[in-house]
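Structure record follows, encoded as structure tokens.
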Amino acid sequence: MIYDALFGKPLNSLITVGCAGIVVWYFLSSQRPTTRLVVQILFFAVMTLILIASGIDPHRFQRYDSLDPQALLVILAKSLWWVHLAWAVIGFIRLYLVLEGNPREARLLQDLVVGVVYIGMALSILAFVFGVPIGTLVATSGVVAIILGLALQNTLADVFSGIALTLGRPYVIGDWILLSDGTEGRVVESNWRATHILTGASNVVVLPNSFMAKLGLTNISRPDETHLLALTIRVAPTRMPAAIQQVMGTALASCNSILREPPPVVALKGLDAAALEIDLYFRVTSPNQRATARSEVLDLVYRHCKSAGLLLAAPAGATIVTTGLPTEEGARPPGVTPLELIEAIPVFATLTSEEKAKLAETTAIRQFRKGDVIVREGEMLPSLMMVRAGIIAARHADEERGRLAPGDFFGETGLLAGMQEGCTLEALTPVTAYEINQEAFAPLLAERPALAEEIAEQLAGRAERFRDGVALPAEQVRSAHAILKTIRTIFRA
């Protein structure tokens with residue numbers, strides 16, 4: 001009975017099976033490619049059996065009378081057979097043509113092969129169903145192809161350049177690239193037509209692939225996204241070059257925005273009567289951190305030079321008088337006094353000059369050797385200390401969370417609110433600090449409640465900075481805000 005239904009009227013049966021195959025294929029989920037392929041092969045096999053049993057050869061053009069009512073059925077039946085053959089081949093390509101670890105290249109190659117399959121199917125239908133002379137058609141279409149090629153020259157150049165860039169893999173989505181024309185940013189999209197780059201200014205630059213293929217390209221994200229920066233510093237030659245080089249190394253060692261590994265490098269570049277030129281090389285985690293790291297390094301270079309008594313030299317192009325230049329024998333840079341440190345700390349900006357001078361007179365000098373623990377986590381430090389020279393590491397749970405350099409201060413948690421320190425502070429180098437105790441600070445806080453609030457705001461902001469940059473624990477940030485609330489309550493009462 002099934003045989004009679006299928007082969008009694010073969011053309012009607014083939015058309016029915018072909019249409020049923022299209023419906024079933026449409027409702028099958030694309031997430032099940034293996035099932036789709038099996039269904040496509042089954043329907044194609046049934047259609048092939050019907051054609052063979054009915055004596056119809058789909059690979060040959062059979063002439064028929066255009067008035068014959070069976071002609072339309074033959075055309076439709078053979079066309080459906082070619083369509084199902086193409087779909088079976090495409091299903092096989094989608095499932096088995098895979099490049100391991102390279103999904104974008106695999107998809108591109110699959111699309112190209114699928115395009116060839118569809119072109120072959122269309123030409124086969126023209127030749128074997130409608131009897132169109134393909135050879136003559138291809139020959140006569142050459143002129144049309146030339147015209148279209150000239151009209152679509154730029155578009156085709158972009159498409160083929162996109163294919164070359166995709167297969168060559170000079171970059172992938174998410175890479176930070178630098179082009180020879182100065183364009184720089186992160187690749188956010190790459191298609192057949194163009195590449196989209198998100199710049200540091202948060203603008204999206206769309207560059208045609210043909211333009212991208214002609215430019216030199218530096219992939220900053222490979223082999224990793226760490227980025228090397230170089231800064232040139234000019235210092236007056238008032239000390240031995242080795243001593244100046246050591247100060248620059250200390251400045252880099254105290255920086256929180258750069259990578260510790262690989263370690264930064266300090267290289268002597270040039271020396272004359274006016275200046276010692278030094279190149280500083282250091283790495284950051286990503287190109288986005290360049291501006292932050294450069295600013296911090298410049299700030300720390302100034303602070304360490306000030307602490308060590310070094311003088312910055314004039315720019316190389318500046319016109320200077322050669323007589324009277326600072327020398328190692330004659331230079332007497334002023335030392336960093338407690339008053340200068342107090343004036344450099346923003347929270348003391350509201351104090352008058354007289355109040356700053358009185359506060360500076362009460363300071364005491366504290367010296368720490370390399371490796372000394374200044375205060376341990378959980379202990380209270382009942383005084384404010386300003387770093388005069390050296391580097392201090394802040395550690396929480398045996399993990400370094402940041403470093404303090406000349407000009408930084410600590411101990412305000414104990415001084416202001418009697419709270420314990422959230423980090424262990426250890427001297428990485430010999431450290432000199434100026435200490436202000438509670439007896440000297442209390443009268444100022446009582447007279448100036450605004451000063452107390454500014455110091456607490458500074459504390460909260462610094463805790464946030466450590467959390468974002470070098471990750472102070474969240475409880476320390478909450479403690480900073482608790483101090484702010486406590487101080488406001490005390491001095492408003």
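Looking at heavy atoms from C-beta onward, Cys305 lies in side-chain contact with Leu312 at the 4.5 angstrom threshold. With contacts defined as side-chain heavy-atom distances shorter than 4.5 Å, the pair Val297/Leu252 qualifies. Counting heavy atoms from C-beta outward, Glu225 and Thr285 have side chains that stay 4.5 Å or more apart. Using a 4.5 Å cut-off on side-chain heavy atoms (C-beta onward), His304 and Ile391 make contact.
Between the side chain of Arg260 and the backbone N or O of Ala253, at least one donor-acceptor pair lies under 3.5 Å. A donor-acceptor pair under 3.5 Å is absent between the side-chain atoms of Gln289 and the main chain of Val284, judged by distance alone. Remark: side-chain polar atoms of Ser221 are paired, donor with acceptor, to backbone N or O of Trp176 under 3.5 angstrom. Formation of a donor-acceptor pair under 3.5 Å by the Glu184 side chain with backbone atoms of Gly200 is not found in this model. No donor-acceptor pair under 3.5 Å is formed between the side chain of Thr429 and the backbone N or O of Gly390. The closest donor-acceptor contact from the side chain of His396 to the backbone of Gly422 lies under 3.5 Å. Side chain of Asn219 to main chain of Pro170: a donor-acceptor pair is present (N/O by atom type, distance under 3.5 Å, no hydrogens or angles). Checked by atom type and distance alone, the side chain of Arg403 never pairs as donor or acceptor with a backbone atom of Asn256 at under 3.5 Å.
Here Lys370 pairs with Pro430 under the side-chain contact (heavy atoms from CB on, under 4.5 Å) rule; sequence neighbours left out. Every residue two or more places apart in sequence or in another chain that forms a side chain to side chain donor-acceptor pair (under 3.5 Å) with Asp299 is listed here: Arg303.
The 12-atom threshold is exceeded at CD of Glu277, counting heavy atoms of other residues, nucleotides or ligands nearer than 6.0 Å. The neighbour count for Asp224 CG, taken as heavy atoms of other residues, nucleotides or ligands under 6.0 Å away, is above 12.
Between Arg186 and Gly174, the shortest heavy-atom contact is NH1-O, 2.8 Å. Ala88 and Gln40 make their closest contact through CA-OE1, 3.9 Å (heavy atoms, listed as atom of the first residue, atom of the second, distance). For the pair Gly411 and Glu421, the tightest heavy-atom approach, listed with the atom from each and the gap, is CA-OE2, 3.6 Å. Shortest non-hydrogen contact noted between Ser190 and Thr195 is OG-OG1, 3.8 Å. Between Ala405 and Leu300, the shortest heavy-atom distance links the atoms CB-CD2, 3.3 Å. The heavy-atom pair separating Ala293 from Ser257 by the smallest distance is CA-CB, 3.8 Å.
Between atom CD of residue Glu426 and atom CD of residue Glu400 there is a gap of 9.0 Å, rounded to the nearest 0.5 Å. From Leu217, atom CG reaches atom CD1 of Ile177 across 4.5 Å, with rounding to the nearest 0.5 Å. Interatomic distance, Tyr171 OH to Met212 CE, rounded to the nearest 0.5 Å: 3.5 Å. For the atom pair CD (Glu296) and CD1 (Ile258), the distance works out to 8.0 Å, reported to the nearest 0.5 Å. For the atom pair Leu276 CG and Ile233 CD1, the distance stands at 11.0 Å (nearest 0.5 Å). The line from CZ of Arg283 to CG of Leu229 is 9.5 Å long, rounded to the nearest 0.5 Å.
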Do Leu179 and Leu207 pass the side-chain contact (heavy atoms from CB on, under 4.5 Å) test, and can you show the C-alpha distance, the side-chain angles, and the key distance before you say yes or no? CA-CA 11 Å; Leu179 302 179; Leu207 297 176; 3.3 Å; yes
Begin from the C-alpha positions of Val247 and Val235 and carry the test side-chain contact (heavy atoms from CB on, under 4.5 Å) through to its verdict. CA-CA 11 Å; Val247 173; Val235 180; over 6 Å; no
